[in-house]
Amino acid sequence: MEDTGIKIQPTMYGIFFEDINFAADGGLYAEMIKNRSFEFTLPKTGWLEPNSDRHSYNKESGILSIIKYSEEGANHNFARVEVNNDEGYVLINEGFRGMGVKEGAQYDFSVKAAKRSGDIQKIKLQVIDSLDNVLGATSITPDSDSWKTYESSFGVTKTEMKAKVKITFEGEGEIGLDMISLFPQDTWKGRKKGLRKDLVQLLDDMNPGFLRFPGGCIVEGRTLAGRYQWKKTVGDIENRESLINRWNTEFAHRPTPDYYQSFGIGFFEYFQLSEDMGAEPLPILGCGIACQFNTGELVPMDELDPYVQDALDLIEFANGDTSTAWGQVRAAMGHPESFNMKYIGIGNEQWGPAYIERYKVFEKAIKAKYPEIIIVSGSGPFPEGDYFEYGWEQLKQMNAEIVDEHYYKPPVWFREHADRYDSYDRNGPKVFAGEYAAQTMAIASPKNKNNWNAALSEAAFMTGLERNADVVYLSSYAPLMAHAEGWQWTPDMIWFNNLESFGTPNYQVQKMYATNSGTDLLKITEDGEKIIGKDGLYASAVKDVNTNELIIKVVNTLEIAQKLSISTEGSNSQQGNVGVLTMAMDNLEAENSFEQPMKISPKEGSATINEGRLEVEIPAQAFSIYKIKG
Ligand code: AHR
């Protein structure tokens, strides 16, 4: 085992976050009311009026109408409710495929209301199950003709995954309602109106080196108008303009017409989450090209300035002191200190001369004002081919710092490309393996599985990322999360429903790497050769100067166990106990599930090292990590 003199970057293993598959609204963002401010294209989406029959000639129990405050600003609509209580008017919100509530947990209800006429004395909120049983309830007393926010908390008596919210009224008359909101109190770090704790915990447990946000294709938009605009996602939540989610109807096989972005998680929250997890924030911004798989709409070169200004202002928002305009916005949101952002990405999966031309303008402006910021550029959506070659060639000529690569390929491709980076130019740009995942069926096929075959193949491939830590500076699996009933794209690293979540075998592989990343690359060979697939074995090794450990990662893709005899000659680890972490499964089709969330997960074991030799048997189809105290 030889030292290579190569450092493992602290950013080596990170997280790619995109609001796809209900990852933000309906997922990480713990808001339980869907379409809380009536801003969807069909503004009553998610809201039901079970006792109201618009088509009957009978007197109605009430009417829900959507009124526009104004076309201007961010919050366009509110709901006007006319209540005729003889008939018992009821409003129901269905949540994101239901709402998950837990026995004994506390919930925060809030609503903006303005009385218009008559006298509605009380607004009652009940959490109900499918049989209309009440699981928790509270009420507020509207007392003003002007808009006012009312808040009330309550407990829930029974756990239910498909709860709904029922709103009833005491008194009769007309009232305006907006920002109808329900959150659990038990959020990540107990933040009010915060993030879902179990999901952030899974992310935090990975010890991620960075958090890339907000995507993905969502950055670009299907059209320029639908692109992600970070400035519209900061400040008061009410003033963040909702946007149709680009994954809403992207795939005919998984339409989710009720998928919008409330931006309850916006750029401030992403920076804060990065900070919470000790991960470098890595925002990616659009470069004036809409998704080239959709419209490919281009901003003319002489109209690019506002886009470039967005990038400069973002750096000021993240890092500027409180005397700067955007630093002040950050401070007003509760974070006067800098977020100490070091990286920015320009463009997601762009290709061709149109990208390079625009990228150059961004690069010049960013480097002129913030030379210390490291810029991530992109090589397009594919890991080879004309777009990829052209992008790389151009970016190399420009001395680009870090180039993002994406690969969604079959499991076998991952095993066969564990040497991908062995031939990369050591003096060229560094690589961000920014999106990758083994596709068991076909790219983005709804039949793809997060099975052991995919995860084991990724584990084998990742020995190649690690062995090339002088080229690969960052890497992340994609997509990150999926709601079991609201997804558009599979496979995904974490699956969740309204109550539970679990890490797939792919998550466990990522976690094993990220929590054992080490600090310095070592050379591990067999008969002087790199271990990349011969006898189905793949290996890499690092040492960790902080924990004083030698960490050896081995993947065995064969259907039989194999004896390994590893010499630690050259290190000072000659004798003693070795911690072993192993994930193994004879069935390559096996998956984790809500019922068996840890079916495929690392098991701890031990071994001994004698006179500088570690003699172990790696099980069939296994990924093992051997940790040797030095
Ligand atoms: O991860 C899903 C999508 O795959 C991303 O949005 C995009 O960048 C890639 O095509």
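First listed ligand is number 1; within each ligand, the first listed atom is number 1.
- For ligand 1, the polar-atom distance check against Tyr408 finds a nitrogen or oxygen pair separated by under 3.5 Å.
- A ring-ring contact (aromatic ring centres under 6.0 Å, His included) with Tyr513 is found for one member of Phe623, Tyr507, Phe461 and no other, namely Phe623.
- No more than 12 heavy atoms of other residues, nucleotides or ligands sit less than 6.0 Å from atom NZ of Lys364.
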Derivation and outcome, ring-ring contact (aromatic ring centres under 6.0 Å, His included), residues Phe293 and Trp351: CA-CA 11 Å; Phe293 288 116; Trp351 65 76; 5.3 Å; yes
Candidate pair Tyr355 and Phe362, rule ring-ring contact (aromatic ring centres under 6.0 Å, His included), full reasoning: CA-CA 11 Å; Tyr355 172 57; Phe362 278 86; 9.0 Å; no
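- Judged by the shortest distance from any of its heavy atoms, Pro479 lies inside the 4.0 Å radius around the atoms of ligand 1.
- With a 4.0 Å heavy-atom cut-off, ligand 1 is reached by the side chain of Trp247 but not by its N, CA, C or O.
- Residue contacts with ligand 1: Cys217 is placed with a nitrogen or oxygen under 3.5 Å of a nitrogen or oxygen of the ligand (distance criterion only).
- For ligand 1, one of its N or O atoms has an N or O atom of Glu18 under 3.5 Å away.
- Contacts of Asn348 with ligand 1, taken as heavy-atom pairs under 4.0 Å, involve the side chain alone.
- The shortest contact between atom 10 (O) of ligand 1 and any protein heavy atom is with Glu349 OE1, 2.8 Å.
- In this structure, Tyr29 has its ring center closer than 6.0 angstrom to the ring center of Phe183.
- Asn239 CG: more than 12 foreign heavy atoms inside a 6.0 Å radius.
- Both the sub-6.0 Å distance and the 45° axial angle are not jointly satisfied by Arg254 relative to the ring of Trp489.
- The shortest heavy-atom distance from Tyr436 to ligand 1 is not under 4.0 Å.
- Looking at His406, Glu250, Glu435, it is Glu435 that brings a heavy atom closest to atom 4 (O) of ligand 1.
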